[in-house]
Asker: 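Okay, here's the structure, questions in a sec.
Chain letters run A, B, ... following the sequence lines, proteins first and then strands; every chain starts at 1. Side chains included, hydrogens not; waters and symmetry mates left out as well; all remaining heavy atoms used. Since we're looking at a predicted model, the values are computed, not measured.
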Amino acid sequence: MRKTSQLSPEDRNIRIYETLFSWILKFFSVLVVATLVGILATILIQALPSFRDAGINFYTGKSWDPVFKHFSATPFVVGTLATTVLALLISIPFSLSIALFSGFYLHPGRITSTIRLLIDLLAGIPSVIYGFWGLSIVVPAVRQFELFSGRVPYGVGIFTAALILSIMIVPYAASIGRDVIALVPSDLKEAGLALGATPYEVVRWIVMPYSKAGLLSGILLSFGRAIGETMAVTMVIGNANKIPGSIFDPANTISSIIANEFAEATDPIYVSHLIHMGLILFITTTAIGLFGRRVIKKWSSH
Amino acid sequence: MPSVSKRLATDLLFKGVLGLATVILFIPLIMILYYIIVNGAGAISWAFLTSLPKPPGEIGSGIGNAIVGSAILICIACTISVPIGVGVGVFLSEKPTHTIAKMVRICLEILQGIPSIVIGIISYLWVVLPMGGFSALSGGIALSLMMLPLVIRSTEETLKLIPQSLKEASLGLGVPYYRTMTKIIIPAGRPGISTGIILGISRVAGETAPLLFTAFGNPFLTFNIMKPVNSLPSLIYNYATSPYSDWQQAAWGASLVLILFLFTLSLIARTISTR
């Protein structure tokens, strides 16, 4: 290579641009890594006062009352688990049906592409609009049901939130399920059909056992998605800071308590407790997401 | 084993249940779209789109400031995430085995899964606190963090598909590497990259959670990115949870505008990617 001094000015410029270009690309990439490290560090540092202040009581206590400085995440952990598990239970039959129907039963064609389009539409509706629709249509309906069945007619609550959440996670779970089911080798399916099995028997004895791990991690991934969901849940869950006694009670999830109280929290320790909950949210969704995707990747590679 | 007719009946029943579940799922979709269109169409007029919000009870309330605010937020998010996203995408596709590239991939996977409300907290701590107040800038930064992984992914995926011969031809003609990338490879991947950007915009345009304590909301019109701004999703949230029927009416109108915007974006993305 010639020394820079021997190059013509034009070549030298090119060399400068060349170095600049690769440095910029590298800088941006490092920036992305630094951003994530920064996010983690920021949340950890800001949650530190909360660890010191509440200690283990944050997880074992029973109440959240900023006025009396009682800070415990338990009501919201319970609220989050109740809402998301219920939402999963409601959504699994639907997402599995769609995945099987469009991934196995129907041949690719107009109907499958229509189903795909409708699923995309469902996935494209913003969370806040689901919440608004829930507030004006689902809440009154649930209230009627509660009146009818002799419960306190809140309308809002865990059940309503789970109902709306289940609709929101179906597109996600269904598209993972469809991809997983499509990966079942066709010679296995064809062998089953050739032996005289009905399509139902192929699903029951071949497709389901084969894709079990993939389907389970799809469910896990939609669980992670549901935990982080904020707006729609915040609007219909009723915002009560106590441990819910039944699924028809108003409650709060981890994300909805942050959405409700973060902007109003003035006391630094109050803010730190809310960030602590953000940390719980961050860790659970990240762990579930990484684990679920690893399983799917491992499963689909063999 | 049960008789053949019984087995066939089970199969038919199973297929019927699957089809029924699929149809049932689309009932809420149709209901949501129906309510938005029926309630929203009545609210929308030229004045509604251009004038400012008014207190409940006064006629002539509008969502002009929210439309402008959303546009400002999206512009800020794109200004940050597009150059960085395309840059990192190029890096990942050019040096897939580089140590930094491997680290970036892990970071992206985590970044993509961070709940939007946590992104809001981050932008509050990083931008709102040091600046001393809610601002459009902090909202735009929060949205850019959500958009970034999508832009990077689509750039990387697109550039991987561009034939190596194109690059070799350009380099073989003596074109410097940086010019080959900026003038040949990136333009060749433009449809894919712009689809990614549009999908990124449509992901963040409907987001409310990261804006709650960053862009915050503002009943007035502002073009100053250092001031809080309103946005369509925040306006829908505030009006939907208010007890006033005319505000709720306006929320339906704003929902229709937002949905139409998002559907237009996905239509554009579809046409670009199928061309």
Asker: Can you find a pair of side-chain heavy atoms, one from A:Phe132 and one from B:Tyr237, that are under 4.5 Å apart?
Answerer: no
Asker: For A:Leu121, which atoms come within 4.5 Å of any heavy atom of chain B: side chain, backbone, both, or neither?
Answerer: both
Asker: I'd like to know whether CZ of B:Arg105 has more than 12 heavy-atom contacts from other residues, nucleotides or ligands below 6.0 angstrom.
Answerer: yes
Asker: Can you name the closest pair of heavy atoms from A:Ala263 and B:Phe216 and give their distance?
Answerer: CB-CE1, 4.3 Å
Asker: Can you confirm whether more than 12 heavy atoms, excluding those of B:Arg203, are under 6.0 Å from its CZ atom?
Answerer: yes
Asker: What are the two closest non-hydrogen atoms of B:Leu258 and A:Pro126, and how far apart are they?
Answerer: CD2-CG, 3.8 Å
Asker: Might you confirm whether atom CZ of A:Arg116 has over 12 heavy atoms from other residues, nucleotides or ligands at distances under 6.0 Å?
Answerer: no
Asker: Heavy-atom pairs under 4.5 Å with chain B: which of A:Val32, A:Thr230, A:Leu118 has the most?
Answerer: A:Leu118
Asker: Using a 6.0 Å cut-off, check whether atom CD1 of A:Ile111 has over 12 heavy atoms from anything other than its own residue.
Answerer: no
Asker: To the closest 0.5 Å, what do you measure between CG (B:Leu92) and CZ (A:Phe28)?
Answerer: 13.5 Å
Asker: So for A:Arg204, is it side chain, backbone, both, or neither that comes closer than 4.5 Å to the heavy atoms of chain B?
Answerer: neither
Asker: Return the option, out of B:Gly120, B:Ala254, B:Ala251, B:Ser202, with the maximum number of heavy-atom pairs under 4.5 Å with chain A.
Answerer: B:Ala251
Asker: For A:Lys26 and B:His98: C-alpha separation, side-chain torsions, deciding distance, then whether side-chain contact (heavy atoms from CB on, under 4.5 Å) applies.
Answerer: CA-CA 10 Å; A:Lys26 218 173 261 179; B:His98 198 285; 4.1 Å; yes
Asker: Give a yes or no on whether the backbone of B:Tyr177 and the side-chain of A:Glu18 come within a donor-acceptor separation of less than 3.5 Å.
Answerer: yes
Asker: Sort A:Ile115 into side chain, backbone, both or neither according to what part of it lies under 4.5 angstrom from a heavy atom of chain B.
Answerer: both
Asker: Report the option among B:Ser266, B:Ser255, B:Gly113 that has the most heavy-atom pairs separated by less than 4.5 Å from atoms of chain A.
Answerer: B:Ser255
Asker: Given heavy-atom pairs under 4.5 angstrom as the criterion, report whether the side chain, backbone, both or neither of A:Ser29 touches chain B.
Answerer: both
Asker: Below 4.5 Å, heavy-atom pairs only: which of B:Thr241, B:Thr10, B:Ile114 has the largest tally toward chain A?
Answerer: B:Ile114
Asker: When rounded to the nearest 0.5 angstrom, what distance separates CD1 in B:Ile106 from CG in A:Leu290?
Answerer: 9.0 Å
Asker: Where does A:Val37 contact chain B at under 4.5 Å (heavy atoms): side chain, backbone, both or neither?
Answerer: neither
Asker: Tell me, out of A:Ile39, A:Leu135, A:Val170, who's got the most heavy-atom pairs with chain B below 4.5 Å.
Answerer: A:Ile39
Asker: At a 4.5 Å cut-off on heavy atoms, which part of A:Ser136 comes close to chain B: side chain, backbone, both, or neither?
Answerer: side chain
Asker: side-chain contact (heavy atoms from CB on, under 4.5 Å) for A:Phe94 and B:Thr22? Distances and angles first, verdict last.
Answerer: CA-CA 7 Å; A:Phe94 291 101; B:Thr22 309; over 6 Å; no
Asker: Can you check whether A:Leu36 reaches B:Leu108 side chain to side chain, under 4.5 Å on heavy atoms?
Answerer: no
Asker: Quick one: what part of A:Val33 sits under 4.5 Å from any heavy atom of chain B, side chain, backbone, both or neither?
Answerer: both
Asker: Please check if atom OH in A:Tyr17 has more than 12 non-hydrogen atoms from other residues, nucleotides or ligands closer than 6.0 Å.
Answerer: no
Asker: Apply side-chain contact (heavy atoms from CB on, under 4.5 Å) to B:Phe14 and A:Leu100, showing your working.
Answerer: CA-CA 11 Å; B:Phe14 185 63; A:Leu100 279 173; 4.0 Å; yes
Asker: Pick whichever of A:Leu96, A:Ile125, A:Ile24 has the most heavy-atom pairs under 4.5 Å with chain B.
Answerer: A:Ile125
Asker: Measuring heavy-atom distances to chain B, does A:Ile119 have an atom under 4.5 Å in its side chain, in its backbone, in both, or in neither?
Answerer: both
Asker: Between atom CD of A:Glu261 and atom CZ of B:Phe213, what is the distance when rounded to the nearest 0.5 Å?
Answerer: 11.0 Å
Asker: Report which part of A:Ser91 has an atom under 4.5 Å of a heavy atom belonging to chain B: side chain, backbone, both, or neither.
Answerer: neither
Asker: Which bit of A:Thr198 comes within less than 4.5 Å of chain B, counting heavy atoms only: side chain, backbone, both or neither?
Answerer: both
Asker: Among A:Ile288, A:Thr285, A:Ile167, A:Ile129, which residue has the highest count of heavy-atom pairs closer than 4.5 Å to chain B?
Answerer: A:Ile129
Asker: Locate the shortest heavy-atom distance separating A:Trp133 from B:Pro28; write the atom from each residue and the value.
Answerer: CH2-CB, 4.1 Å
Asker: Please determine whether a side-chain nitrogen of the Lys or Arg among A:Arg294 and B:Glu109 lies less than 4.0 Å from a carboxylate oxygen of the Asp or Glu.
Answerer: yes
Asker: Tell me which of these, A:Thr234, A:Ile227, A:Leu25, has more heavy-atom pairs under 4.5 Å with chain B than the rest.
Answerer: A:Leu25
Asker: Any salt bridge linking B:Arg270 with A:Asp120? Criterion: basic side-chain nitrogen under 4.0 Å from a carboxylate oxygen.
Answerer: yes
Asker: Among B:Leu12, B:Leu18, B:Ile30, single out the residue with the greatest number of heavy-atom pairs under 4.5 Å to chain A.
Answerer: B:Leu18
Asker: Name the member of B:Ile100, B:Leu145, B:Val4 that forms the most heavy-atom pairs with chain A at distances under 4.5 Å.
Answerer: B:Ile100
Asker: Would you check, one step at a time, whether the test side-chain contact (heavy atoms from CB on, under 4.5 Å) holds for A:Leu122 with B:Leu25?
Answerer: CA-CA 10 Å; A:Leu122 212 51; B:Leu25 180 73; 3.9 Å; yes
Asker: Does any heavy atom of chain B fall under 4.5 Å from the side chain of A:Phe101, the backbone, both, or neither of them?
Answerer: both
Asker: Can you tell me how the ring of B:Tyr178 sits relative to the ring of A:Phe21, calling it parallel under 30°, perpendicular over 60° and tilted otherwise?
Answerer: tilted
Asker: Tell me, side chain or backbone of A:Tyr130 under 4.5 Å from chain B's heavy atoms, or both, or neither?
Answerer: side chain
Asker: Pick one of side chain, backbone, both or neither for A:Glu229, based on which atoms fall under 4.5 Å of a heavy atom in chain B.
Answerer: neither
Asker: Could you pull out the closest heavy-atom pair between B:Leu212 and A:Ala259, with the gap in Å?
Answerer: CD1-CB, 3.6 Å
Asker: Between A:Val271, A:Ile258, A:Thr286, which residue shows the highest count of heavy-atom pairs closer than 4.5 Å to chain B?
Answerer: A:Ile258
Asker: Search all heavy atoms of A:Thr42 against all heavy atoms of B:Trp126 and return the closest pair with its distance.
Answerer: OG1-NE1, 2.9 Å
Asker: Looking only at non-hydrogen atoms, find the nearest pair between A:Met235 and B:Ala240 and report the distance.
Answerer: CE-CB, 3.7 Å
